[in-house]
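Residues take their numbers from the sequence shown, with the count starting at 1.
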Amino acid sequence: MSNIFMATILKPGQREFKEDPNRIDSFSIFSDVSIAKKGIKSQNLNFDLRQLNPGQYCAAYHFHRYAEELFMLISGSATLRTPKGLEIVESGDLIFFEKGETGAHQLYNHTAEPCVYLDIRTFIGYDVCEYPDSNKIYLVPSCEIFGKDAQLNYFDGEENVRDKWEEIRKEKE
């Protein structure tokens with residue numbers, strides 16, 4: 001007996017945007033929760049339908065070390081920040097962000113109307129996001145955030161390895 005897979009259709013009238021929790025002022029973004037309500041559990045394709053309201057930023061300015069990202073503006077307009085500067089993007093525009101510093105990005109809704117866009121990302125099980133403005137590193141999926149200034153060399157703190165081994169040996173006696 002074969003399994004039958006059907007396409008899942010997300011109709012515009014069924015969309016339900018809810019504010020993402022744990023956001024601070026200026027970074028309020030709404031995601032379409034109908035994706036989860038329909039039971040979509042994508043294995044290899046990460047995507048979200050987002051609504052960016054007037055005067056809001058989508059996220060802190062960042063880039064991904066191990067993921068590519070693609071935005072498609074469905075409605076509205078926004079200002080896009082990249083390493084090249086600021087540019088207005090509009091409904092129908094596709095915006096590709098390569099991995100690494102050259103793919104750094106941030107959207108700001110400079111208009112009086114909501115901006116709705118599809119956010120599609122590759123995901124290989126993990127990612128590292130860097131935030132140039134605040135000098136942070138974010139580990140995905142563990143959600144750990146570290147200051148980049150605390151970068152250490154591989155052998156920092158390992159100078160007394162023999163002492164550690166001796167301590168373990170004595171505990172076993």
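Using a 4.5 Å heavy-atom threshold, the side chains of Glu69 and Asp119 count as touching. Contact check for Phe63 versus Cys129: no side-chain heavy atoms found under the 4.5 Å cut-off. Residues Cys58 and Tyr108 fail the side-chain proximity criterion, which asks for heavy atoms closer than 4.5 Å. Between Phe30 and Leu49, every side-chain heavy-atom pair lies at or beyond the 4.5 Å cut-off. Looking at Leu52 and Leu107, their side chains come closer than 4.5 Å, going by heavy atoms from C-beta outward. Between Tyr117 and Met72, the closest side-chain pair of non-hydrogen atoms is not below 4.5 Å. Contact annotation: the side chain of Ile137 never approaches that of Ile145 to less than 4.5 Å [non-hydrogen atoms, C-beta and beyond]. Tyr131 places a side-chain heavy atom less than 4.5 Å from the side chain of Tyr138.
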Can you list, pair by pair, the side-chain donor-acceptor contacts under 3.5 Å of residues 87-96, counting residues two or more places apart and other chains?
from	atom 1	to	atom 2	distance (Å)
Ser91	OG	Ile74	O	2.9
Asp93	OD2	Glu90	N	2.8

Sequence neighbours left out, cut at 3.5 Å: what donor-acceptor pairs do the side chains of residues 154-164 make with other protein atoms?
from	atom 1	to	atom 2	distance (Å)
Asp156	OD2	Asn153	N	3.0
Glu159	OE1	Gly157	N	3.1

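Side-chain contact annotation: Gln106 with His62, donor-acceptor N/O pair under 3.5 Å absent. Residues His110 and Thr79 have side chains that bring a donor and an acceptor to within less than 3.5 angstrom of each other. Using modelled atom types, one finds a donor on one side chain and an acceptor on the other under 3.5 Å when comparing Ser142 with Glu144. Under 3.5 Å, the side chains of Ser28 and Arg23 contain no donor-acceptor pair of N or O atoms. Neither side chain, Gln151 nor Asp149, offers a donor N or O lying under 3.5 Å from an acceptor on the other. Checking Ser31 against Asp20 by side-chain atom types alone, a donor-acceptor pair falls below 3.5 Å.
Note that CG of Asp133 and CG of Asn135 are 10.0 Å apart. Values are rounded to the nearest 0.5 Å. Note: Ile168 CD1 to Lys170 NZ = 12.5 Å, rounded to the nearest 0.5 Å. Here the straight-line distance linking atom CG of Asn109 with atom CG of Asn53 works out to 7.5 Å at 0.5 Å rounding. If you take CZ on Arg65 and CD on Glu130, they are separated by 4.0 Å, rounding to the nearest 0.5 Å. In this structure, CG in Leu152 is found 10.5 Å from CZ in Phe146, a value given to the nearest 0.5 Å.
Salt bridge Glu16/Lys37: present, at least one basic N to carboxylate O contact under 4.0 Å. Contact check on Lys99 versus Asp127 returns no salt bridge, with no Lys/Arg side-chain nitrogen under 4.0 Å from an Asp/Glu carboxylate oxygen. The existence of a salt bridge linking Glu173 and Arg169 is confirmed by a sub-4.0 Å separation between a basic side-chain nitrogen and an acidic carboxylate oxygen. Ion pairing between a basic and an acidic side chain is recognised when a charged N comes within 4.0 Å of a carboxylate O; Asp32 and Lys38 show no such pairing. A salt bridge does not link Arg121 with Glu68: every distance from a Lys NZ or Arg NE/NH1/NH2 to an Asp or Glu carboxylate oxygen is 4.0 Å or more.
Side-chain heavy atoms closer than 4.5 Å link hydrophobic residues (I, L, V, M, F, W, Y) into clusters, and following such links, possibly through other members, connects Ile124 to Val128. Hydrophobic clustering (side-chain heavy atoms under 4.5 Å, transitive across Ile, Leu, Val, Met, Phe, Trp, Tyr) keeps Tyr61 apart from Phe27. Residues Leu73 and Ile120 are members of separate hydrophobic clusters, defined by side-chain heavy-atom contacts under 4.5 angstrom among Ile, Leu, Val, Met, Phe, Trp and Tyr.
Within 6.0 Å of CD in Glu166 there are more than 12 heavy atoms belonging to other residues, nucleotides or ligands. At most 12 heavy atoms of other shown residues, nucleotides or ligands fall within 6.0 angstrom of atom OH in Tyr57. Residue-environment remark: CD (Glu19) exceeds the threshold of 12 foreign heavy atoms within 6.0 Å.
With ring centers used as reference points, Tyr66 lies 6.0 Å or more from Phe123.
Between Phe71 and His105, the two ring planes are perpendicular [angle over 60°; tilted spans 30° to 60°].
Nearest heavy-atom pair across Cys115 and Ser77 is CB-O, 3.7 Å. Closest heavy-atom contact between Ile29 and Arg50: CD1-CD, 3.8 Å.
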